[in-house]
Amino acid sequence: MIIPMEFYARDPAIVAKELLGMYIVRVLGSKKLVCKIVETEAYYGVEDPASRARRGGDLARALYDGVGIAIVYGMHRQWLFNIAAHEEGSGGAVLIRACEPIEGIEVMMKLRNTTRLRDLTSGPGRLCKALAIDKSFHWKPVYVEKYGLWIEHGEKIPSDLVCESYRIGVKQDLDRPLRFYIKGNYFVSKL
DNA sequence: CGCCAGATTGACT
DNA sequence: GTCAATCTGGCGG
């Protein structure tokens, strides 16, 4: 079952937490790729020093005007995949940091050019490559099937398996944990 | 058009 | 564990 747009119209931290265990579905021609989300991070608007909203431009607009849309942008020679998620009148998004390959693993290995399962999708840049997510998905809604990329309800993660920590790789983090991951999952990018 | 910073990755001093 | 490659986006000129 596909997740409706309203799901994303809430605080980014809540959305990030609840996205754990959900499935990313990607249709590539006749192939179908499915991954379970195991690690996410929440980003806010201009009040967040790590948010691209601070820099203005198109990304800031996506963070504020879009809800339930993909925000794809490049850095360190790869793509980063976010979903715009925030309450009315503010800005924010959820970064998908890692996921677990469920279906279409062969295809992902080909796209990633590796046979190491652990390396397939255990990192924000890696999972984009494994799922063939690029700039063309920027600003496309993930609550419809039309574009070949959407999020579906998946496994319910018991709350005692949901961990939180500070965000990874962020120079200036906020004073509270905004990274969420499934405890003990093999594909979480970092403990 | 050039400059700079950054939510990373993969190869190996 | 350490380190440098190399890309995108925003901004100034």
Side-chain angles (χ1 to χ4, degrees), chain A residues 8 11-20 22 24 35 37-86 90-101 108-140 142 149 151 162-182 185-191:
Chain A
Y8 304 101
D11 186 284
I14 296 174
V15 176
K17 199 177 230 173
E18 294 191 7
L19 273 175
L20 293 176
M22 302 286 192
I24 304 174
C35 282
I37 299 173
V38 300
E39 183 179 356
T40 58
E41 280 178 6
Y43 287 83
Y44 287 87
V46 288
E47 71 273 26
D48 182 351
S51 175
R52 293 308 281 219
R54 293 206 139 201
R55 297 174 167 253
D58 172 68
L59 288 167
R61 278 194 296 281
L63 278 165
Y64 275 84
D65 295 345
V67 168
I69 59 161
I71 298 178
V72 180
Y73 95 94
M75 77 166 314
H76 295 107
R77 83 176 167 279
Q78 40 236 320
W79 300 110
L80 297 227
F81 174 47
N82 305 253
I83 301 173
H86 52 83
S90 65
V94 176
L95 166 72
I96 311 299
R97 274 197 65 85
C99 58
E100 175 181 336
M108 295 186 216
M109 284 185 171
K110 206 161 194 172
L111 284 164
R112 284 274 296 121
N113 198 26
T114 178
T115 53
R116 288 202 56 206
L117 191 59
R118 175 79 222 283
D119 290 344
L120 271 189
T121 52
S122 55
R126 290 170 177 165
L127 74 90
C128 282
K129 207 168 175 195
L131 295 174
I133 294 173
D134 62 26
K135 190 71 186 174
S136 65
F137 287 99
H138 187 50
W139 216 282
K140 298 284 193 292
V142 296
L149 176 68
I151 312 295
V162 175
C163 295
E164 42 187 67
S165 77
Y166 290 97
R167 293 179 293 189
I168 289 183
V170 177
K171 294 268 171 67
Q172 302 211 35
D173 205 352
L174 288 173
D175 195 23
R176 71 179 168 112
L178 289 172
R179 168 175 176 253
F180 306 94
Y181 60 97
I182 299 175
N185 187 282
Y186 184 57
F187 295 92
V188 170
S189 66
K190 223 180 149 196
L191 295 174

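Since the structure is predicted, the reported quantities are computational estimates derived from the model, not experimental observations.
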Measure [atom1]/[X] against [atom2]/[N] and give the value in whole Å, please.
X: A:Arg54; N: B:dA7; atom1: CZ; atom2: P; answer: 12 Å
X: A:Ile168; N: B:dG6; atom1: CD1; atom2: C1'; answer: 16 Å
X: A:Arg97; N: B:dT9; atom1: CZ; atom2: C1'; answer: 12 Å
X: A:Lys171; N: B:dA7; atom1: NZ; atom2: P; answer: 7 Å
X: A:Asp173; N: B:dG6; atom1: CG; atom2: P; answer: 14 Å
X: A:Asn82; N: B:dT8; atom1: CG; atom2: C1'; answer: 14 Å
X: A:His138; N: B:dA7; atom1: NE2; atom2: C1'; answer: 15 Å
X: A:Trp79; N: B:dT9; atom1: CH2; atom2: P; answer: 15 Å

Original post:
According to the salt bridge (charged side-chain N to carboxylate O under 4.0 Å, His left out) rule, which pairs have a member within residues 109-122 of chain A, sequence neighbours left out?
Top reply: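 Passing the test, one end in residues 109-122 of chain A: A:Arg116-A:Asp119.
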
**OP:** Mind running a 4.0 Å heavy-atom check of residues 109-121 of chain A against DNA chain B and sending the residues that fall below it, in number order?
**Re:**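 The stretch gives A:Arg112 as the residues lying under 4.0 Å from the strand, ordered by number.
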
**OP:** Using the closest heavy atom to pick a nucleotide of DNA chain B for each, name whichever of A:Arg126 or A:Phe81 lands nearer the 5' end.
**Re:**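 Going by which nucleotide is closer to the 5' end, it is A:Phe81.
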
Original post:
Within 45° of the six-membered ring axis of A:Tyr166 and under 6.0 Å from that ring's centre, is NZ or CZ of A:Arg176 located there?
Top reply: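 Judged by the rule, A:Arg176 and A:Tyr166 form no cation-pi pair.
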
So does [X] pair up with [Y], basic N to acidic O under 4.0 Å?
X: A:Glu41; Y: A:Arg97; answer: yes
X: A:Lys129; Y: A:Asp134; answer: no
X: A:Lys17; Y: A:Glu164; answer: yes

**OP:** Would you indicate what A:Gln78 reaches in the nucleic acid, counting non-hydrogen atoms under 4.0 angstrom: base, sugar-phosphate, or nothing?
**Re:**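 Counting heavy atoms under 4.0 Å across all strands, the contact made by A:Gln78 includes a base.
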
**OP:** Can you run down the side chain to side chain donor-acceptor pair (under 3.5 Å) pairs that involve residues 57-77 of chain A, sequence neighbours left out, and say none if there aren't any?
**Re:**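 Residue pairs passing side chain to side chain donor-acceptor pair (under 3.5 Å), neighbours aside: A:Arg52-A:Tyr73, A:Asp58-A:His138.
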
Taking [X] for its side chain and [Y] for its backbone only, find out whether a donor-acceptor pair lies under 3.5 Å.
X: A:Ser51; Y: A:Tyr44; answer: yes
X: A:Thr40; Y: A:Ala16; answer: yes
X: A:Asn185; Y: A:Val38; answer: no

Subject >> Stretch residues 55-62 of chain A: residues that reach within less than 4.0 Å of DNA chain C through a heavy atom >> reply: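 Per residue number, the list reads A:Arg55, A:Gly56, A:Gly57, A:Asp58, A:Leu59.
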
**OP:** Kindly indicate whether the side chain of A:Trp79, heavy atoms from C-beta on, has any atom under 4.5 Å from the side chain of A:Ile133.
**Re:**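 A side-chain contact is absent here, since even the closest heavy-atom pair is not under 4.5 Å.
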
Subject >> side-chain hydrogen bond (donor to acceptor under 3.5 Å, both in side chains) partner of A:Asp48, the single match among A:Arg54, A:Arg167, A:Gln172 >> reply: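 Exactly one pass, corresponding to A:Arg167.
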
Original post:
A:Ala53 and A:Ala60: which non-hydrogen atoms are nearest, and at how many Å?
Top reply: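 Closest approach of A:Ala53 to A:Ala60: O-CB, 3.6 Å.
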
Original post:
Where is the tightest heavy-atom contact between A:Gly92 and A:His86, given as atom of each residue plus distance?
Top reply: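 The answer is O-CD2, 3.4 Å.
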
Original post:
Any side-chain N or O of A:Arg179 less than 4.0 Å from the OP1 or OP2 oxygen of B:dA7?
Top reply: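 Answer no for this pair, as no side-chain N or O of A:Arg179 is under 4.0 Å from OP1 or OP2.
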
Subject >> A:Ser165-A:Arg179 side chain donor-acceptor pair, cut-off 3.5 Å >> reply: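 Per modelled atom types, A:Ser165 and A:Arg179 side chains form a pair under 3.5 Å.
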
Original post:
Given the rule that a pair is Watson-Crick or G-U wobble with both distances under 3.5 Å, how would you write DNA chain C in dot-bracket, using | for pairs to a different strand?
Top reply: |||||.||||||.

Original post:
From the 5' end of DNA chain C to its 3' end, which nucleotides mark the outer limits of contact with chain A, defined by a 4.0 Å heavy-atom distance cut-off (strictly under)?
Top reply: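 Range of nucleotides touched by chain A: C:dA5 to C:dC11.
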
